[in-house]
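The structure appears below as structure tokens.
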There are 2 protein chains.
Amino acid sequence: MDKKAAIAALSALGQDTRLDVFRHLVTAGPEGVGAGDLAQVLNVRANTLSTHLSALARAGLIAAERDGRAIRYSAHYDGIRALFDFLLHDCCKGRPELCGPFASSRSPDITKAEQ
Amino acid sequence: MDKKAAIAALSALGQDTRLDVFRHLVTAGPEGVGAGDLAQVLNVRANTLSTHLSALARAGLIAAERDGRAIRYSAHYDGIRALFDFLLHDCCKGRPELCGPFASSRSPDITKAEQ
DNA sequence: TCCATAATTCGAGAAATATCGAATTATAAA
DNA sequence: TTTATAATTCGATATTTCTCGAATTATGGA
């Protein structure tokens, strides 16, 4: 994950409605939730939600799949993991002991120079 | 960390200049870096940087300390860890196996109902 | 005290974002 | 084919965010 992608993911999550969407989808699991159901549960207009869903999808945090008339959205775990890796790699660079017990379980790739 | 604080932290990191600042401070370590040096290294105007620094500090991700005429900023590891905990707790809720090897090393506190 | 330096605050303008109602596209059922 | 449903796209507006120059505050040294 490069810096640009990380910014997209972080800013996607840094908004009230989108964080709600994300949390709901993570809880819902791989089966996902239809956009309409999501709009009803979160009390957001369908078109507004659509904009937010597209931002989260563009950031690689959720995935969309058509299911009849509905479109099911689900958490995209590869993208989520990529964000974690980026943060861990960055946060713990040089000071792995400071980022908690999980830091040492990852091997930061120092050689990969990103921008 | 509640939802509001998480949004502040995520959106603070979801911006080009601020992510640069954050990465630089994490790399710099606990001694920190003066605001002026930071402005020079990152090629940002002092007043613009000041705005970004205050956003990161408000989010609990960095700390400020006066050192003579300068003000040294440094990564605030407690705040960083809090963000990690929030993400891990949320991402892995119900599906710990999906968020990578570090997920299981944290014990999610299911009882703490936040908004 | 007076001056220089470091940083922040203020006020304004430009750009990006969030939200909405209306219109459109795509699918399914009658 | 016609109608209904699900979701997105479009166009507009309100709000927020980013950036800047100028002014202000705080500290240290002459």
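None of these values were measured; they are calculated from a predicted model. Letters A, B, ... are given to chains in the order of the sequence lines, protein chains preceding strands, and every chain is numbered from 1. No hydrogens, no waters, no symmetry mates; every other heavy atom, side chains included, goes into these values.
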Side chain to side chain contact (heavy atoms under 4.5 Å, CB included) against [X], all qualifying residues, sequence neighbours excluded:
| X | answer |
| --- | --- |
| B/A64 | B/I71, B/Y73 |
| B/A70 | none |
| B/A57 | B/I62 |
| A/A82 | A/M1 |

In whole Å, what is the span from the [atom1] atom of [X] to the [atom2] atom of [N]?
| X | N | atom1 | atom2 | value |
| --- | --- | --- | --- | --- |
| B/Q15 | C/dA15 | CD | C1' | 13 Å |
| A/E65 | C/dT27 | CD | P | 14 Å |
| A/D16 | D/dT17 | CG | P | 12 Å |

Residue pairs involving residues 66-79 of chain A (criterion salt bridge (Lys or Arg N to Asp or Glu O under 4.0 Å); sequence neighbours excluded):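 Found A/D67-A/R72, A/D78-A/R81.
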Within residues 43-65 of chain A or reaching into it, pairs that qualify as salt bridge (Lys or Arg N to Asp or Glu O under 4.0 Å) - sequence neighbours excluded: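 Output for this query is empty, none listed.
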Pairwise 5' ranking along DNA chain C for A/R18 and A/R45, keeping only the more 5' one: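 Closest to the 5' end, via its nearest nucleotide, is A/R18.
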Contacts of type salt bridge (charged side-chain N to carboxylate O under 4.0 Å, His left out), residue A/D16, not counting sequence neighbours: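 Residues passing salt bridge (charged side-chain N to carboxylate O under 4.0 Å, His left out) with A/D16: B/K3.
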Close residues, residues 56-64 of chain B, relative to DNA chain D [heavy-atom separation under 4.0 Å]: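 Result for residues 56-64 of chain B: none.
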B/H52 vs D/dT19: side-chain N/O to OP1/OP2 distance below 4.0 Å: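 Checking D/dT19 against B/H52, a side-chain N or O does come within under 4.0 Å of OP1 or OP2.
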Base-contact (B) and sugar-phosphate-only (S) positions in nucleotides 4-16 of chain D, heavy-atom cut-off under 4.0 Å, - elsewhere: BBSSBB-------
Any donor-acceptor pair under 3.5 Å from B/H76 side chain to B/G60 backbone: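 Looks like yes, one N/O pair under 3.5 Å.
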